[in-house]
Number of protein chains: 2
Amino acid sequence: MAKKTVGISDVAREAGVSVGTVSNSFNRPDSVAPETRARILAVVERLGYVRSESARQLRTGTSRIVALLVLDLANPFFVDVANGAERTARAAGLGVMVCTSAQSPSDEADYIGLFTEQQVRGVLVIPADPTGRSLEPLRRQGIPYVVVDRLVEDAEVCSVSVDDVTGGRLAVEHLLAQGHRRIAYISGPAHLQQIRDRRTGALAAVAAAGLPPEALHELPTAHMTIAAGRDAAARLLGLADRPTAVFCANDLLALGLEQALYAAGVKVPEEVAIVGYDDIEFASAVAVPLTSVRQPAAEMGRLATQMLLAEGDALGDEEGTHAHQAVVLQPELVVRTSSLHRAG
Amino acid sequence: MAKKTVGISDVAREAGVSVGTVSNSFNRPDSVAPETRARILAVVERLGYVRSESARQLRTGTSRIVALLVLDLANPFFVDVANGAERTARAAGLGVMVCTSAQSPSDEADYIGLFTEQQVRGVLVIPADPTGRSLEPLRRQGIPYVVVDRLVEDAEVCSVSVDDVTGGRLAVEHLLAQGHRRIAYISGPAHLQQIRDRRTGALAAVAAAGLPPEALHELPTAHMTIAAGRDAAARLLGLADRPTAVFCANDLLALGLEQALYAAGVKVPEEVAIVGYDDIEFASAVAVPLTSVRQPAAEMGRLATQMLLAEGDALGDEEGTHAHQAVVLQPELVVRTSSLHRAG
DNA sequence: CGGCCGGATTGAATCGATTCAATCCCTGCC
DNA sequence: GGCAGGGATTGAATCGATTCAATCCGGCCG
């Protein structure tokens, strides 16, 4: 029963050619006579031969999969990034291995270890470890990687990110323009660069409007989830001098907030205006559609993958061919109902 | 600069032992003297050695990654499945390669081809191709696979699914119990077994209530997305004898529907009651929380992975050790506001 | 003192595809 | 007829870890 797996030599024997020719007919079809090739392919079909990636990879040293390590697939934003990456990778004939670090630096390190052993073609990573130390093995092994959704100044790595300072500024400028003077910022874990940048932008907008920093009241959260958004709503409503507008660090928080406010009978946007971040699909699918700062998620995935492949190609050439670059994309404010009402 | 990659033989030489001992100290630590092992590990550390998966895999024939092929990560339901699978796989020291077929049988076939070449440890697949033909290569190559989210009667494969007939029945029974007599079923592509099963269950409930099949008005959609839900709303409102309740084949459709109804000034649940399917997180996060049929998504991913690993283990043993099984889980109706109102 | 046992170690064979220098063979040209 | 040129083909060497039969060695027992 247990037929031996058919290898390239079985095909060669059956087709009456050498293994080299069989290999060639796959990898440089032009260098082999058409009828020979046809004969070989027929045998391949008949025997059900499939080439062993591990053998190929051992010999050539290059794998056909790229890894993508995201913080959390439960956030549709990362799914969009993944889709962008998957599409471009597939176009290049590569597979994508999507993994979740769950924001845990140790999980991240584990996965990086797995990737180096696999000698993947490259790694796209949204870092959970702010120190960047867990990426060290990649550098040592010479595996190309691109940091996604975080700006890295280091000239030794490529990165694709979105200007979060501008994003935060856009959101709060918009709220200020609507007449709001007391604004809450429902944020997230302070160790995330994104969170800090968005606050910086928000504060810049506040300052530009001639208001004191206290005009922005920060309500930190641990998880940036819908549930955390609901919790934040309770805290917001408990505030003595309740803000009339809220800027949320992502749309999940904003959705949780909006729902909790609705349940509490607080009208959005009449009593409290809301601006979210990411512009996930669900932001526009609720009864009171969410104003949000859109990030070009799929585009980031696409670009990052392209840069990764470019870097991989450059590896073969002389040293120094590849110039690492930090691409910064611009966010865009998408205004919807949740923020369209002038305050008092 | 370009240091040769360090291999097991470099470690062996540096540590003054043979390659066999180095290999053993990784794979059967007990069979090597503690101090020898310590010395080897020190050298490994110093040289920054990482084992080559491709070489290992070539020799042993077994990979350390399992593949998961889902229809569409944009649907949080599949993300939950993926999370369940990823957790269990990681516990077993394996990586998961998550891929998206986008419901396209040809993409599915492509990916299956990639998986066979990679000789992955196993495949979890939510089939896009109803014929199951694209899975044939897996069987030929003897790669274990488990079909997820679809019942397969074939005694030759394992499957984990949810009883969709019951799910459909629960949903419509609930609406009937609320007094509704004209019910719409916003469905999806007819070639999906899930869609047909849910209709079957819905019709059974209608029949059990002594109503004619026409009491269930089907509105098919092509994509089962939020946008499709909005479209369906327009069609629903255009119906001559407008149903007072709607059963949606998934929550994305239901969310789109609910929003469009809200925008059209049709009150939910007073004028139209809604029941969705999947119970994704967003279903409970909107202003009028959605009644939905919950599927144990993460549990499916977990179970499927376990079955896959069990099957893989059995491969080593004598033939016939592994009994393929079709596990069917039960759905559960989660009642929320969107359906809680008695029809006129 | 010799023989034996068993834990530790050795190292050559092996997995299967790729590569490339060498060979073969045919055609066209002088 | 001889030869250069070139397209097609060959096959042995190679990638790096695993495996297992063979060897080694130190101590224990009779």
Side-chain angles (χ1 to χ4, degrees), chain A residues 2-41 43-44 47-64 113-114 116-120 141-142 316, chain B residues 2-41 43-44 47-64 113-114 116-120 141-142 316:
Chain A
K3 276 221 294 246
K4 300 265 293 183
T5 86
V6 328
I8 202 175
S9 60
D10 300 309
V11 175
R13 181 167 358 93
E14 200 75 8
V17 297
S18 79
V19 295
T21 305
V22 176
S23 178
N24 282 338
S25 75
F26 282 122
N27 303 327
R28 28 227 311 159
D30 306 326
S31 82
V32 52
E35 67 268 23
T36 312
R37 188 170 127 82
R39 182 155 37 96
I40 291 174
L41 291 185
V43 174
V44 163
L47 266 48
Y49 164 78
V50 306
R51 109 133 120 331
S52 156
E53 249 302 299
S54 46
R56 197 199 65 83
Q57 182 175 338
L58 171 59
R59 183 67 237 261
T60 65
T62 81
S63 142
R64 300 186 67 70
L114 181 64
T116 57
E117 291 198 348
Q118 299 275 352
Q119 293 173 268
V120 297
Q141 290 302 112
Chain B
K3 277 220 294 244
K4 299 267 293 185
T5 86
V6 331
I8 202 173
S9 60
D10 300 309
V11 174
R13 180 167 1 90
E14 199 76 8
V17 296
S18 79
V19 295
T21 305
V22 177
S23 177
N24 282 338
S25 75
F26 282 124
N27 303 328
R28 37 241 286 177
D30 307 325
S31 81
V32 54
E35 68 267 24
T36 312
R37 187 170 128 82
R39 182 156 36 98
I40 292 175
L41 291 185
V43 174
V44 163
L47 267 47
Y49 164 78
V50 305
R51 110 133 118 334
S52 157
E53 251 299 302
S54 46
R56 197 199 64 83
Q57 182 175 337
L58 171 59
R59 185 66 236 262
T60 65
T62 80
S63 143
R64 300 186 66 70
L114 180 65
T116 57
E117 291 198 347
Q118 299 276 353
Q119 293 173 270
V120 297
Q141 289 302 111

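What you see below is based on every heavy atom in this structure, not just the backbone, and it leaves out hydrogens, waters and symmetry mates.
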Any donor-acceptor pair under 3.5 Å linking the side-chain atoms of S63(A) with those of Q118(A)?
no
Working to the nearest 0.5 Å, report the span between [atom1] of [X] and [atom2] of [Y].
{"X": "R51(A)", "Y": "T116(B)", "atom1": "CZ", "atom2": "OG1", "result": "10.5 Å"}
{"X": "R59(A)", "Y": "Q57(A)", "atom1": "CZ", "atom2": "CD", "result": "13.5 Å"}
{"X": "R13(B)", "Y": "S9(B)", "atom1": "CZ", "atom2": "OG", "result": "5.5 Å"}

Has R28(A) got a side-chain atom pairing as donor or acceptor with S23(A)'s backbone, closer than 3.5 angstrom?
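Side chain of R28(A) to backbone of S23(A): no pair is present.
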Between R37(A) (side chain) and V32(A) (backbone), is there a donor-acceptor pair under 3.5 Å?
no
Could you tell me whether D10(B) contacts a base, only the sugar-phosphate backbone, or nothing, with contacts defined as non-hydrogen atoms closer than 4.0 Å?
nothing
Looking only at heavy atoms, which two atoms of R56(A) and T62(A) are closest? And how far apart?
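What the structure gives for the nearest pair is NH2-O, 2.8 Å.
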Angle between terminal axes - the helix from dC1(C)-dG30(D) to dC30(C)-dG1(D), 5 pairs each end, rounded to 10°:
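About 60°, once rounded to a multiple of 10°.
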Among dT9(D), dT10(C), dT9(C), which nucleotide has an atom closest to any side-chain atom of T36(A)?
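The answer is dT9(D), which lies nearest to the side chain.
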For R37(B) and dT9(C), what is the distance between atoms CZ and P respectively, to the nearest whole Å?
12 Å
Would you give a per-nucleotide map of nucleotides 11-18 of chain C, 5' to 3', where B means the base has a protein non-hydrogen atom under 4.0 Å away, S means only the sugar-phosphate does, and - means neither?
BBBBBBBB
Using the test side-chain contact (heavy atoms from CB on, under 4.5 Å), find all partners of A33(B) that sit at least two apart in sequence or belong to another chain.
E35(B), T36(B)
